[in-house]
Asker: 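Before I ask anything, here is the structure I am working with.
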Number of protein chains: 2
Amino acid sequence: MEQCHATALKAAGMKATPKRLAILEMLEAEPGYASPEELWKRLKDRFDRLGLPTVYRNLEELSASGVLSKVIHPNRQLYYYFCSNREHHHHFVCLSCRKVEDIPACGIEALEQEVTRRNGGKVLSHILQLNGLCGGCADNGEIR
Amino acid sequence: MEQCHATALKAAGMKATPKRLAILEMLEAEPGYASPEELWKRLKDRFDRLGLPTVYRNLEELSASGVLSKVIHPNRQLYYYFCSNREHHHHFVCLSCRKVEDIPACGIEALEQEVTRRNGGKVLSHILQLNGLCGGCADNGEIR
DNA sequence: CTCTAAATAGAAATGATTTCGTTTTAGAAT
DNA sequence: ATTCTAAAACGAAATCATTTCTATTTAGAG
Ligand SMILES: [Mn+2]
Ligand SMILES: [Mn+2]
Ligand SMILES: [Zn+2]
Ligand SMILES: [Zn+2]
């Protein structure tokens, strides 16, 4: 598993530093998304020195290289999660417990073609995310 | 037209203040999305006193009540645009010239049902946005 | 016209995120 | 194993978009 992370980092052209591996490991164990500061607080114990900027920087780099994904959160702060599904897909995120669930086919390719056909131009990226309450949280009733 | 805005505000339970109307008017004339500060700089001329917090507050309130829409921008700053299409739909936004184009049917309702069927839970909202270069900008070649 | 809740001003605070100059380190090369 | 260097990390400080706060003004109902 950790070997797997080292490989993924190498494939992304990034050095496999202990801190990077720890960030990936922690986020992989996480059932949902997490903020840079939360991860930092929990990782500090495992290193005599670990700066918050380092966590920010790594999360952003890992997200840029596709190893991690970012949540679009209503509060506009940064959150990241680990998803091992390497196919193109999207997510349903629970705003209460932060669980992230895969959404299978997104059907956006057809939408892209339609937009391009009608208006011209070029679609560079798309955002598709469902926000809500997961099964467990919906049963409980309310937002955390 | 301005009467129309006053009506929309009343329908949203908001007072039709001159500044609100001016914000709506300016954003409606805008071909794309704009930032609070940009709007503020341009509106300042028309009022002897106009605070930037007022612009921020109004844009957020107008967006919350559905009169305006918000852009999810890669730089994570706030941008708003005016869209008179009152049907449920989404947008293609040009990251170069900021033009906003409607995307017709989004087909997300089916996706919501599928997610709910598989995992339970409740979808509260969804985000769907295409980012790219509009026809004009794609022809020119590059990002502004 | 009065009255009051809502809206605004404007200065100040906020705080998540980024920057920067220095120090350390991963990993390729020898 | 040792050397070397670009990449990574440190961490204090800066940034700056956004929000908060209190006093003042105003829209619009009655
Ligand atoms: Mn996934
Ligand atoms: Mn629209
Ligand atoms: Zn949940
Ligand atoms: Zn454009």
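In what follows, chains carry the letters A, B, and so on, assigned in the order in which the sequence lines appear, proteins first and then strands, with residues in each chain numbered from 1.
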Asker: Run the side chain to side chain contact (heavy atoms under 4.5 Å, CB included) test against B:N119 and tell me which residues pass, sequence neighbours left out.
Answerer: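 Listed in chain order: A:E101, B:V115.
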Asker: Do any N or O atoms from the side chain of A:H73 and from the backbone of A:V71 form a donor-acceptor pair under 3.5 angstrom?
Answerer: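 Not confirmed, A:H73 side chain does not pair with A:V71 backbone.
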Asker: State which residues pass side chain to side chain contact (heavy atoms under 4.5 Å, CB included) with B:A22; sequence neighbours excluded, sorted by chain then number.
Answerer: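 Side chain to side chain contact (heavy atoms under 4.5 Å, CB included) check on B:A22 returns B:L43, B:R46, B:F47.
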Asker: First contact, last contact: which nucleotides of DNA chain D are these for chain A, 5' to 3', heavy-atom distance under 4.0 Å?
Answerer: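 So the contact region on DNA chain D extends D:dA6 to D:dT18.
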Asker: Do any N or O atoms from the side chain of B:W40 and from the backbone of B:T54 form a donor-acceptor pair under 3.5 angstrom?
Answerer: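 Answer holds: no.
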Asker: Using salt bridge (charged side-chain N to carboxylate O under 4.0 Å, His left out) as the criterion, list what pairs up with A:K70, not counting sequence neighbours.
Answerer: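 If we apply the salt bridge (charged side-chain N to carboxylate O under 4.0 Å, His left out) test to A:K70, skipping adjacent residues, the hits are A:E60.
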Asker: Not counting sequence neighbours, which residues clear salt bridge (charged side-chain N to carboxylate O under 4.0 Å, His left out) with A:R57? List them please.
Answerer: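 With neighbours one apart ignored, the set is empty.
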Asker: Without decimals, in angstroms, what is the distance between A:L59 CG and C:dA16 C1'?
Answerer: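 Nearest whole value for this atom pair: 14 Å.
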Asker: Among all residues two or more places apart in sequence or in another chain, which pass the salt bridge (charged side-chain N to carboxylate O under 4.0 Å, His left out) test with B:R117?
Answerer: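 B:R117 satisfies salt bridge (charged side-chain N to carboxylate O under 4.0 Å, His left out) with B:E114 once adjacent residues are dropped.
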Asker: Indicate for each nucleotide in nucleotides 3-13 of chain C, in 5' to 3' sequence, whether protein heavy atoms under 4.0 Å reach the base (B), only the sugar-phosphate (S), or nothing (-).
Answerer: --BSSBSBB--
Asker: Let me confirm one number: the CG-NZ distance from A:L52 to A:K41, rounded to the nearest 0.5 Å.
Answerer: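 Atom-to-atom, A:L52:CG and A:K41:NZ are 9.5 Å apart.
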Asker: Tell me which residues in residues 66-82 of chain B lie within less than 4.0 Å of DNA chain D, going by non-hydrogen atoms.
Answerer: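 Those residues are B:Q77, B:L78.
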Asker: Applying side chain to side chain contact (heavy atoms under 4.5 Å, CB included), can you list everything that pairs with B:E112, at least two apart in sequence or on another chain?
Answerer: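 Expected list: A:L130, B:I108, B:V123, B:H126.
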Asker: Just how large is the angle between the end axes of the helix from C:dC1-D:dG30 to C:dT30-D:dA1, five pairs per end, to 10 degrees?
Answerer: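 End axes: 40° apart.
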Asker: With sequence neighbours excluded, what pairs up with A:E38 under the salt bridge (charged side-chain N to carboxylate O under 4.0 Å, His left out) test?
Answerer: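 A:E38 satisfies salt bridge (charged side-chain N to carboxylate O under 4.0 Å, His left out) with A:R98 once adjacent residues are dropped.
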Asker: Applying side chain to side chain contact (heavy atoms under 4.5 Å, CB included), can you list everything that pairs with B:T17, at least two apart in sequence or on another chain?
Answerer: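 Testing B:T17 for side chain to side chain contact (heavy atoms under 4.5 Å, CB included), a comparison that skips the adjacent residues, returns B:K15, B:K19, B:R20.
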Asker: Centre-to-centre under 6.0 Å for A:Y33 and A:H91, is that the case here?
Answerer: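 Between A:Y33 and A:H91, the centre distance exceeds or equals 6.0 Å.
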